[in-house]
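First, the structure itself, so that you have it in front of you.
Just follow the structure's listing: the first ligand is 1, and inside any ligand the first atom is 1. Atom set for the values below is all heavy atoms of this structure, side chains included, hydrogens, waters and symmetry mates excluded.
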Amino acid sequence: MYQTILTTLDNGIFTITINRPDKMNALNRDVINEVGAAMDEAYTNDEIRGVIITGAGEKAFVAGADISEFIPLGAAEGAALAQRGRELVFDKVENCPKPVIAAVNGFALGGGCELAMACHMRVAAVNAKFGQPEVNLGLIPGYGGTQRLTRLVGKGKAMELILTADMIGADEAKLLGLVNHVVAPEELLTKATDILKKIQARTPVAIRRIIASVNEAANADPAGFDKEIVRFGECFGTEDMKEGAAAFLEKRKPVFKGK
Ligand code: COA
């Protein structure tokens, strides 16, 4: 069905693999459209409980936006390209009510680093490399990189990485808080799957509210504390919260229904 991505659904885990390995999985218009459509599936298909985004091949997660599409664009078209990507993919990934993990299997540069950062968590193979090299092209990051990198690693390091275009390895990315875990390449998908399985054992009524609230904190939403209280209260109105509390007191495992 898709031309530039592969998707699988296995035990509730939906894996989106960007599949242009001969072009380092660069994000062209088709990839943006198709990842956007796959994310729509992730939102609407109740069988999907978690999402992994990764790249095909051993070299690249995603080496950025497709530079070959850039030359003819003027100022308005450049802004429209970034806006379109934001709406179709990046905001949809960040606001997905189900957890989304980037399994970074190689170069995550430019839009690739930005895609990984839009995900809720990042697991990296030891050979992964991160960077925002747009400045080399006379550009700045346009898929949220100046904002999300600063939020994840702080102002000083984000300035340095974006201004110098330096690439960093997985271990340094972990030290900076850019990635959650670094594993051997062959363990990458297993690690991401293990995290999602752990989350899957919990109730979606809490999971989607946690994602929304943590996103609000990351986005410095001044109403974040108030919204947390509203969502905390909403959980009391669910069957699953009653079940979770009862199961704890009865010293048994909860049986959640997603209600
Ligand atoms: N857009 C379009 N094509 C890209 C691309 C991108 N972001 N990144 C890689 N490619 C293409 C190359 O043009 C090349 O195509 P070709 O075989 O038709 O010539 C192919 O992918 C392989 O890349 P190549 O550069 O030959 O591989 P490498 O191993 O020597 O270098 C990278 C790998 C990732 C370091 C290098 O490709 C690179 O720097 N890419 C651009 C990164 C970037 O600036 N991203 C930000 C974009 S805003």
query: Taking both backbone and side-chain atoms of Lys23, is any N or O found less than 3.5 Å from an N or O belonging to ligand 1?
result: yes
His181 side chain vs Arg122 backbone, donor-acceptor pair below 3.5 Å: no
statement: ligand 1 atoms nearer than 4.0 angstrom to some heavy atom of Leu109 are 34 (C), 42 (C)
- line: Near Asp66 (heavy-atom distance under 4.0 Å), the atoms of ligand 1 are 1 (N), 2 (C)
query: Taking the minimum heavy-atom distance to atom 1 (N) of ligand 1, which of Val135, Val62, Asn28, Ile67 ranks first?
result: Ile67
statement: min-distance protein heavy atom vs atom 20 (C) of ligand 1 -> Asp22 O, 3.3 Å
message: Just to be sure I read this right, does ligand 1 sit under 4.0 Å from the backbone of Leu139, its side chain, both, or neither, counting only heavy atoms?
response: neither
- prompt: Tell me: protein heavy atom nearest atom 44 (O) of ligand 1, and distance?
  reply: Pro133 CG, 3.6 Å
field: Geometric N/O contact Ala65 with ligand 1, under 3.5 angstrom
entry: yes
- request: Report the nearest protein non-hydrogen atom to atom 33 (C) of ligand 1: residue, atom name, distance rounded to 0.1 Å.
  value: Phe107 CE1, 3.8 Å
task: Number the atoms of ligand 1 from 1 as they appear, then name those within less than 4.0 Å of a heavy atom of Lys59, with their elements.
output: 29 (O)
field: Heavy-atom protein contact below 4.0 Å for atom 29 (O) of ligand 1
entry: yes
task: With atom 7 (N) of ligand 1 as the reference point, say which of Pro21, Ala63, Ala108 has the nearest heavy atom.
output: Ala63
query: Do Leu27 and Leu81 sit in the same hydrophobic cluster, where Ile, Leu, Val, Met, Phe, Trp and Tyr count as joined when their side-chain heavy atoms come under 4.5 Å apart?
result: yes
- prompt: Below 4.0 angstrom, N of the basic side chain to O of the carboxylate: do Lys23 and Asp66 qualify?
  reply: no
- prompt: Counting only heavy atoms on the protein side, is anything nearer than 4.0 Å to atom 36 (C) of ligand 1?
  reply: no
query: Among protein heavy atoms, which lies nearest atom 22 (C) of ligand 1, and at what distance?
result: Met24 CE, 3.8 Å
- prompt: Does ligand 1 have a heavy atom under 4.0 Å from the side chain of Glu134, from its backbone, from both, or from neither?
  reply: side chain
query: Got a salt bridge between Arg231 and Glu234, using NZ or NE/NH1/NH2 to carboxylate O under 4.0 Å?
result: no
query: In the single-linkage hydrophobic clustering (I, L, V, M, F, W, Y; side-chain heavy atoms under 4.5 Å), do Met24 and Ile67 co-cluster?
result: no
message: I'd like to know if Lys92 and Asp40 make a salt bridge, using a cut-off of under 4.0 Å between side-chain N and carboxylate O.
response: yes
query: Using 4.0 Å as the upper bound for N to carboxylate O, is an ion pair formed by Lys257 and Glu243?
result: no
query: Should we say atom CZ of Arg29 is surrounded by more than 12 heavy atoms from elsewhere, each under 6.0 Å from it?
result: no
message: Testing the basics here: between Glu69 and Leu73, what is the closest heavy-atom pair and its distance to 0.1 Å?
response: O-CG, 3.5 Å
query: Is there a protein heavy atom at a distance of less than 4.0 Å from atom 9 (C) of ligand 1?
result: yes
- request: For atom CD of Gln3, decide whether the heavy atoms of other residues, nucleotides or ligands shown that lie under 6.0 angstrom number more than 12.
  value: no
